[in-house]
Amino acid sequence: MRKHELLSEAQREQLLGFPADRNDLARLYTFEPGDLDLIRRRQEGKRLDVALQLALFRHP
């Protein structure tokens, strides 16, 4: 029995796939000055966590 699919393969790729274009990667994963201020205000051991969350929330 085939399971019901909510998204087509193309829709899944658009939603979950990482951008292949260099400009899109730079736009999504380069921090702006406000982002850097937010990261710097965190405890020393938590800065990487915040940076990763900011980067991952931008895509999709």
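Residue numbers run from 1 in the order of the sequence given. Remember, predicted model here, so these are calculated numbers, not experimental data.
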task: Please name all residues satisfying side-chain hydrogen bond (donor to acceptor under 3.5 Å, both in side chains) with Q43, sequence neighbours left out, ordered by chain then number.
output: none
message: Please enumerate all residues that pass salt bridge (charged side-chain N to carboxylate O under 4.0 Å, His left out) together with R40, with sequence neighbours excluded.
response: D37
- request: Quick one: list whatever passes salt bridge (charged side-chain N to carboxylate O under 4.0 Å, His left out) with E32, sequence neighbours left out.
  value: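 With sequence neighbours excluded, E32 shows a salt bridge (charged side-chain N to carboxylate O under 4.0 Å, His left out) to no residue whatsoever.
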Ignoring hydrogens and angles, write down the donor-acceptor pairs under 3.5 Å from the side chains of residues 19-28, residues two or more places apart or on other chains.
{"residue": "D21", "atom": "OD2", "partner": "N23", "partner atom": "N", "Å": "3.4"}
{"residue": "D21", "atom": "OD2", "partner": "D24", "partner atom": "N", "Å": "3.3"}

field: Residue list, side chain to side chain contact (heavy atoms under 4.5 Å, CB included) with E13, at least two apart or on another chain
entry: none
- prompt: How would you list, by chain and number, every residue that makes a side chain to side chain contact (heavy atoms under 4.5 Å, CB included) with L48, sequence neighbours excluded?
  reply: L52
task: Please confirm whether the backbone N or O of R47 pairs with a side-chain atom of R42, one donor and one acceptor, at under 3.5 Å?
output: no
- request: Say whether V50 and L56 are linked into one hydrophobic cluster, either directly or through other cluster members, by side-chain heavy-atom distances under 4.5 angstrom.
  value: no
field: Single-linkage hydrophobic cluster L38~L36, side-chain heavy atoms < 4.5 angstrom
entry: yes
- prompt: Out of curiosity, F31 CZ to L54 CG, how far, rounded to the nearest 0.5 Å?
  reply: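 CG of L54 is found 5.5 Å from CZ of F31.
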